Amino acid sequence: MTNEELLKQLEDLTKDAMRHQVHTLLSILQHQCGVRYLRQHFSGKDAPIDVTAFKRAVPLSSYDDYADYINQLADGTADNDQPLLSVDPLVCFFSSTGTSSMKPKLIPYFDSALSKAASFLGHQGSGALLKRLFPPRPAISKIMWFLYGDNITITKGGMKVMAASTYPLQSGNSKASQSMLLSCTSPREVILGSNFEQQIYCHLLCGLRNFDLVDGIRAPYAIGLIKAFDLLESKWEQLCDDVEKGFPSLEINDVSMRDSVVQVLGGPQPDLSKRIRSFCEEKNWGGIVSKLWPNTRYIRCVTTGSMKHYYSRLAHYAGEVPILGGDYFASECCVGINLDIQQPPESTQFVMLPTAAYFEFLPFDSKENKTIAEEIVDFDGVEIGKMYEVVVTTYRGLYRCRLGDIVKVVGFYNSSPEVEFVMRAPKTSSEIVTEKDLTSAVEKFQLELRNMGIVIEIMEFSCSIHIDVNKRLKIFLEIEDGCTLLQEDQLQNSIPVLKRCSSFLEDTMGGIYKVQKDRGELCPLAISILKPGSFDHLRQMVISKGAPASQYKAPRILRNHEFVDLLEASALVTIN
């Protein structure tokens, strides 16, 4: 299909969304009716091809309900004559992006023509929208794309495990993967490199060498671009030296990656090095994108949810270059796409795709910090202004599975819900803050400090709940390196001011926290100011344990003791 045909199809699908939803569910059930997961809920009989009967018989599920089946598939012990989750052949597993535990979840990816057709429309439709806004320029056609193929691991049964976002790069010589690779400023060896920090450096080096060919700058998430620009600030002199010599730093010890970058550099480039140095030595990083990459028309990445924190810094680097919000694609399935890519990226709205999966919605009570499982509704039952947890039945063997994503319905595009991503759902009803509560409170805390004349940049933040006699919430804050607050002679003097501000932070923490505090069930809030780079160490720990680098998101609610211990060991001072 042409780009315009793709866009017309997207438009048509949203006009009769509920009919397409019913057809999607029926096609899934017809295709998968014999799998063991469904048959167990129908007393061994084939699943009836009926929406009402399906909902009556099949309960809501979560990852834990599939864990035994997934382990059998991963270990190679499943009976091939009795498919567990899907009748289609298993290709690989996608590792989840969650950081609540050390061990990433495994999402099975089955070779399904129906599934491919469903995801094709989302991915290709998104590309068509971008091309409509920014028509291709043959002479300026490169993307400085911060992609990371991640190290592939192998399960006991011999199945590959990788990030969903990098599957096209790992899956062979498909037309889509070849097109993506050809558009990148970096060679394949950098994208599939073995060291995340070295890959960022090489992406920058290749992007600087191809500065005049860069049409756009992309990453899956805003944090990926922030890490790249942070590295540019700290390593610009070394990058200039490498461009001048035509050879990457000896710190890059991945041989294939080094060799491929040497080819991209094409020998010594003293004039280019001088040009880069002239901008960077000013150390004025505002609008640096258009200075170093003058032909760049856009920056694109996800800037919603936990990524919203990075938007202001990204906008500082971007200057006049527009930032475009990404799409809503989960490891489990496509959920929605950003049809209006010129809308403010920090509040991106996604139009849900009625043929990507069968969607249901659990109402979320923000006052009680929990979902209401008795009131599940369909596409046509959601109400504007209300929040819901998304539930999916997919072509890939998940049935009424809770994604753990909380969205807010902000309208309808034709008859398809238009949603904003709000946060990840609380893990238990006992959690006293949400990601949204914490992010909002930290933003207000930083503003309050500035009102008191203390200008600081909070680079990262997270929190954990400590339970002794009573519960206590501890917030971890990493402040910009070089801030006077961190200087040894100033740190102790700053404690009284921070202590006064901590009460303000506590008062803005959200409804559940306030209720429990008023009941006397919580000890006073604790704030730990961390050494610069503490969250980088956390990222390295998470990635070393198997989480995909390309999908990394800093955890806002810490539920893993090793994560908490690492940050507590990095504290410069803790204010109780």
Side-chain angles (χ1 to χ4, degrees), residues 62 96-100 220-223 301-312 325-340 343-353 357 359-373 375-377 379 381-392 401-413 416-429 431-444 461-463 508-514 551 553-559:
S62 64
S96 72
T97 59
T99 52
S100 296
Y221 298 104
I223 188 174
C301 57
V302 171
T303 52
T304 54
S306 63
M307 296 297 117
K308 188 177 179 181
H309 170 68
Y310 309 105
Y311 176 72
S312 60
D327 297 297
Y328 188 177
F329 296 155
S331 298
E332 293 83 355
C333 64
C334 295
V335 179
I337 64 173
N338 176 8
L339 285 182
D340 181 8
Q343 64 185 305
E346 71 275 24
S347 56
T348 305
Q349 298 174 2
F350 307 100
V351 177
M352 298 192 71
L353 298 176
F359 297 101
E360 297 173 86
F361 301 84
L362 282 167
F364 182 79
D365 187 334
S366 57
K367 293 181 180 179
E368 295 294 329
N369 197 23
K370 64 180 182 180
T371 53
I372 307 168
E375 300 180 16
I376 192 163
V377 296
F379 248 44
V382 296
E383 297 180 41
I384 295 174
K386 291 191 175 181
M387 292 195 292
Y388 300 88
E389 181 179 355
V390 181
V391 177
V392 297
C401 182
R402 299 170 67 162
L403 283 187
D405 291 348
I406 304 298
V407 300
K408 181 180 180 180
V409 177
V410 294
F412 286 86
Y413 184 85
S416 193
E418 197 165 14
V419 302
E420 287 181 353
F421 182 90
V422 177
M423 62 183 177
R424 291 289 293 169
K427 292 292 181 182
T428 66
S429 58
E431 290 191 358
I432 56 177
V433 293
T434 65
E435 290 181 359
K436 187 171 183 285
D437 292 334
L438 180 65
T439 301
S440 178
V442 168
E443 287 175 353
K444 292 174 182 175
F461 61 93
S462 192
C463 74
T508 58
M509 196 54 70
I512 298 294
Y513 186 92
K514 187 176 185 305
Q551 299 284 316
K553 308 179 188 77
R556 298 300 181 216
I557 312 293
L558 295 171
R559 305 179 181 94

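As the structure is a computational prediction, the values presented were derived from the model and not from experiment.
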Identify, with sequence neighbours excluded, every residue that meets side chain to side chain contact (heavy atoms under 4.5 Å, CB included) alongside [X].
X	answer
Lys436	Val422, Met423, Thr434
Phe412	Val382, Ile384, Pro417
Val335	Tyr328, Ala330, Cys333, Met352, Phe359, Leu403
Glu420	Ser347, Gln349, Val410

Step by step, work out the side chain to side chain contact (heavy atoms under 4.5 Å, CB included) result for Arg424 and Asp405. CA-CA 5 Å; Arg424 291 289 293 169; Asp405 291 348; 2.5 Å; yes
Indicate yes or no: at least one non-hydrogen side-chain atom of [X] is less than 4.5 angstrom from one of [Y].
X	Y	value
Thr439	Phe461	yes
Val391	Cys401	no
Pro363	Asp365	no
Phe361	Lys386	no
Ile223	Lys553	no

Going by salt bridge (charged side-chain N to carboxylate O under 4.0 Å, His left out), name the residues that satisfy it together with Lys514, two or more places apart in sequence or in a different chain.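 Checked Lys514 against salt bridge (charged side-chain N to carboxylate O under 4.0 Å, His left out); matches are Asp518.
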List in chain and number order the residues that pass salt bridge (charged side-chain N to carboxylate O under 4.0 Å, His left out) with Glu443, two or more places apart in sequence or in another chain; answer none if no residue qualifies.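 Not a single residue meets the salt bridge (charged side-chain N to carboxylate O under 4.0 Å, His left out) criterion with Glu443.
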Is the backbone of Ala222 close enough, under 3.5 Å, to the side chain of Thr303 for a donor and an acceptor to pair up by distance?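 Side chain of Thr303 to backbone of Ala222: no pair is present.
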Between Val409 and Glu383, does the side chain to side chain contact (heavy atoms under 4.5 Å, CB included) criterion hold? Intermediate values first, please. CA-CA 7 Å; Val409 177; Glu383 297 180 41; over 6 Å; no
Smallest separation among heavy atoms of Tyr311 and Pro345, with atom names: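 The answer is CE1-CG, 3.3 Å.
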For Cys463 and Val433, which heavy atoms make the closest approach, and how far apart are they?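 So the two residues come closest at SG-CG2, 3.9 Å.
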[atom2] on [Y] to [atom1] on [X], rounded to 0.5 Å:
X	Y	atom1	atom2	value
Ser440	Glu435	OG	CD	13.5 Å
Leu353	Leu339	CG	CG	8.0 Å
Ser416	Glu418	OG	CD	8.5 Å

Can you list everything that forms a side-chain hydrogen bond (donor to acceptor under 3.5 Å, both in side chains) with [X]? Sequence neighbours excluded, please.
X	answer
Tyr388	none
Tyr413	Glu11
Arg402	Thr371, Glu389
Gln343	Asn338

